[in-house]
Amino acid sequence: MSKKNDIRLLRINYLRGPNMWTYRPVLEVWLDLGELEDFPSHLLPGFNDRLTTALPALIEHHCGVGERGGFIERLRDGTWMGHVLEHIVIELLNLAGMPTGFGQTRSTSQRGVYRMVFRARDEQVARAALAEGHALIMATINDEAFDVPAAVARVRDKLDDCYLGPSTAAIVAAATDRRIPHIRLNDGNLVQLGHGQRQRRIWTAETDMTSAIAEGIASDKDLTKTLLKAVGVPVPEGQEVKSAAEAWEVAQDIGLPVVIKPSDGNHGRGVTLDIATQADCEAAFKLADAEGSSVLVESYIRGNEHRVLVVGGQVVAAARGEAAWVHGDGSQTIAQLVDSQINTDPRRGLTEDFPLNRIVLGEDPVVLLDLQRQGFTPESVPPAGKSVLIQRNGNVAIDCTAEVHPEVAHAVSLAARTVGLDIAGVDLVTEDIAKPLAATGGAIVEVNAGPGLLMHLKPAGGAPQPVGQAIIDHLFAADETGRIPIVGVAGSKGGRQIARLVAWLLHLNGRHVGLACRDGLFLGTRRVEKRDSACWDAAHRLLMNRGVNAVVVENDAAMILRDGLAYDRCQVGVVTDLDGIEALAEFDVQDVDQLYKVLRTQVDVVLSDGASVLHAAHPRLVDMAELSDGEVVFYAEDGSLEAIRHHRERGGRAVFLRGGAAVLAHGPAETPGANIDALLRRFGADATDAATLLAAVAAAWAKGISPELIAAGLDTFVPDLHLA
């Protein structure tokens, strides 16, 4: 078989919000199969076998068949390479640690050109997976070698570089489970949960309630210990020292053995335990002095190291540490024993995905010092049966949450409150956490701000703990979602007028409103940007603004096709028409059915306690009503339309025109409303029409604004922006 030309990637577009494909962000790829349009999978000799050998887990892909092995069945029957590439990319993401299940591939009006989409939590990771998948499929088609593990490793590296860390990701996942929206605010782990005035922020395991003073106290171990001792929390005796000689003097005064550590270090760096000689004391001082601004000498507490997570004053998780040992065989060096007996543990690795760290002897001076104290170096060959201590701490990953004694929990909670941290990782040493500290001689040795959560999410032993959920429950009351009212207006006609009118009525209703429309970006009644702001970026900025408690956004089909919606859900969604197809040629939208799929996105995201506002004069928009999770409010100039009459007979709400005024009908009941004719005269004959104003009335009514306020609001609305 002759070598096939590459599949051409014509356009790669990241849809950042809900779109015609799904509620979630996706990477949309336009690709040209070229000559491969004539070669579906079953017409490429050996292709299917080579592909399933390279990616055996493709057997798990259900595809359109709906059951395990569905995609393999499609391969055997014959499917086109765009569809195959979709599944390859999804599988590479799965193997790299970013589970992905959603993908679709659809033909366009041009032969051989397809639109392929797949779920993309992060754009850069998705692009990396696409590049690797593209290379893999061409190598498989042309029967060329391809290193799948290396490709997966490259995608995983991009994931580690670009995506949220595991602690932040766990909190975000818990927020998603609560239907709380999130916005990533930087390339790291700063995340906004919720919108506008109701938002909260996290930075890994720190929150916007985490006090800077408390963080400062926690970073000063000596001050922390002083405060804890003052409230009766057991802490080890000790003091700050300035020299190795002073460290030895203090060690003798408080009683050997001792611990020497930096006063403001973290992650156990520079901490040496169980020191009983002057030589060890001097060596340990040097290590601690290199890690922190000053050095502490403390009495050594016997027992295992524990990390207890406190959230909002409550203990939510605890993990126990265990020392790491190797056992001599008379032939291997200690370095070799560490690799063969410790680092082969699949729970150990160099990234945050692993609950235990790999031990690299040359990179941890504390480990080297402990070896020296035992009379060894990494090159030493211990006798057969000889046990050698490698690491005393740093292995806190055995869940023991259920074992924590109530008195221990009380002491730990008191320690966190005393320092002032809303989320704290409290380190304590005890021989048995199931007993009071007084009974074991245990003590609290550190209180840490911004604690890592991985040891509780993926413990090396025991059950994972729902710590992300605990943090979300701390930030948001049980009935809170962090959401503010959002009104989205989609269509090609009257969007700016509807958006401005609804924003004005919300303003009169006491809301601090952000508005993004073609007339500009508004905060309240003030226009802060005069350029066209009916775009994703402008709307997104409003959701980030802590000063707003309601947002109105004008959308159109091109925006949804280009970026997706700026919000994940909304309280009111308005769809005005299915016109404007001629402006969408670049997106290959050529008929009403295709446009319908685009604009239904606005209805798809309406919350169950919200409402879809639809123009009843368009039969296809009437059909769209069945897609709404929330209530449906119809509007039209003619109140006698069959759709409106039928809707009212079922107790639904509708807005229509009678005698120049809006009528707000709820079932058989009718309430006279705003003077539409008067407002039309103020707009001017060519500026808008009655249906547009009725849409605004219906949207405001759907949001809960009273008919009386709507009428008064339309009477006081100033259409001319120069006068506003």
Side-chain angles (χ1 to χ4, degrees), residues 7 9 12 14-15 18-31 33 36-37 39-44 46-108 114-123 125-141 146 148-149 151-152 155-156 159 163 169 173 176-177 564 568 597 600-601 604-605 627 629:
I7 296 170
L9 306 183
I12 302 174
Y14 186 52
L15 299 175
N19 49 77
M20 64 177 288
W21 306 99
T22 178
Y23 290 102
R24 299 178 176 87
V26 296
L27 198 70
E28 181 183 76
V29 185
W30 294 58
L31 47 89
L33 298 187
L36 287 166
E37 174 68 6
F39 291 91
S41 54
H42 68 305
L43 297 183
L44 292 169
F47 172 80
N48 292 346
D49 289 340
R50 292 192 296 272
L51 180 61
T52 53
T53 298
L55 297 173
L58 288 174
I59 187 68
E60 303 296 336
H61 291 214
H62 290 204
C63 199
V65 178
E67 59 185 29
R68 184 178 186 269
F71 176 63
I72 302 300
E73 182 180 329
R74 295 286 300 277
L75 276 177
R76 291 172 181 155
D77 292 343
T79 189
W80 276 262
M81 290 300 107
H83 181 215
V84 177
L85 179 58
E86 168 203 324
H87 281 269
I88 289 174
V89 173
I90 288 173
E91 184 55 29
L92 289 176
L93 286 168
N94 290 341
L95 293 171
M98 182 175 274
T100 302
F102 175 81
Q104 286 189 22
T105 303
R106 297 289 182 265
S107 61
T108 68
Y114 293 80
R115 295 167 76 180
M116 179 193 79
V117 298
F118 58 92
R119 173 81 166 94
R121 290 180 177 85
D122 179 90
E123 180 179 2
V125 177
R127 286 177 176 269
L130 173 64
E132 298 294 346
H134 186 213
L136 191 159
I137 193 172
M138 294 313 306
T140 307
I141 289 170
F146 188 85
V148 173
V152 172
V155 178
R156 186 180 294 117
L159 175 61
Y163 195 53
T176 301
D177 289 343
D568 66 324
K597 292 178 181 178
R600 65 165 285 180
T601 305
D604 287 336
V605 300
L627 303 175
D629 289 341

Quick check: do V84 and F47 have side-chain heavy atoms less than 4.5 Å from each other? yes
For V155 and A96 the tightest heavy-atom approach is CG1-CB, 3.6 Å
Taking L95's backbone N and O only, do any of them form a donor-acceptor pair with R156's side chain (distance below 3.5 Å, no angle check)? yes
Is there a side-chain contact between V26 and F102 in this structure, where contact means two heavy atoms from C-beta onward sitting under 4.5 Å apart? yes
Sorted by chain and residue number, the side chain to side chain donor-acceptor pair (under 3.5 Å) partners of E37 (sequence neighbours excluded) come out as Y114
Report yes if the side chains of L136 and L55 come closer than 4.5 Å at any heavy-atom pair, otherwise no. yes
Aromatic plane relationship, F71 with H87 - under 30° parallel, 30 to 60° tilted, over 60° perpendicular: parallel
Is there a side-chain contact between T52 and I59 in this structure, where contact means two heavy atoms from C-beta onward sitting under 4.5 Å apart? no
Using only atom types and a distance under 3.5 Å, with no angle test, would you say the side chain of E86 pairs donor to acceptor with the backbone of T105? yes
Under 3.5 Å donor-acceptor, T53 side chain and D49 backbone: yes
Shortest non-hydrogen contact between N48 and L75, atoms and distance: ND2-O, 3.1 Å
Write down the atom of T108, the atom of W30, and the distance for their closest heavy-atom approach. CG2-CZ3, 4.1 Å
Scanning both residues in full, the closest heavy-atom pair of H42 with R76 reads CB-O, 3.5 Å
Can you tell me if R127 has over 12 outside heavy atoms packed within less than 6.0 Å of its CZ? yes
Looking at every heavy atom in both G78 and S41, which two are closest together, and how far apart are they? CA-OG, 3.4 Å
Does a side-chain heavy-atom distance below 4.5 Å link R121 with T100? yes
State, yes or no, whether a side-chain contact exists between N94 and H61 at a heavy-atom distance under 4.5 Å. yes
Do W21 and R119 make a side-chain contact, defined as non-hydrogen atoms from C-beta onward lying under 4.5 Å apart? no
Using every non-hydrogen atom in the two residues, find where H83 and T79 come nearest and quote the distance to one decimal. ND1-OG1, 2.7 Å
Could you work out, with side chain to side chain contact (heavy atoms under 4.5 Å, CB included) as the rule, every residue matching L627, not counting sequence neighbours? Y596, R600, V603, D604, M624
Under the side chain to side chain donor-acceptor pair (under 3.5 Å) rule, collect the residues that match up with N19, sequence neighbours excluded. none
I'd like to know if the side chain of D122 and the backbone of Y163 have a donor-acceptor N/O pair within less than 3.5 Å. no
Close side-chain approach of L130 to M116, heavy-atom, < 4.5 Å: yes
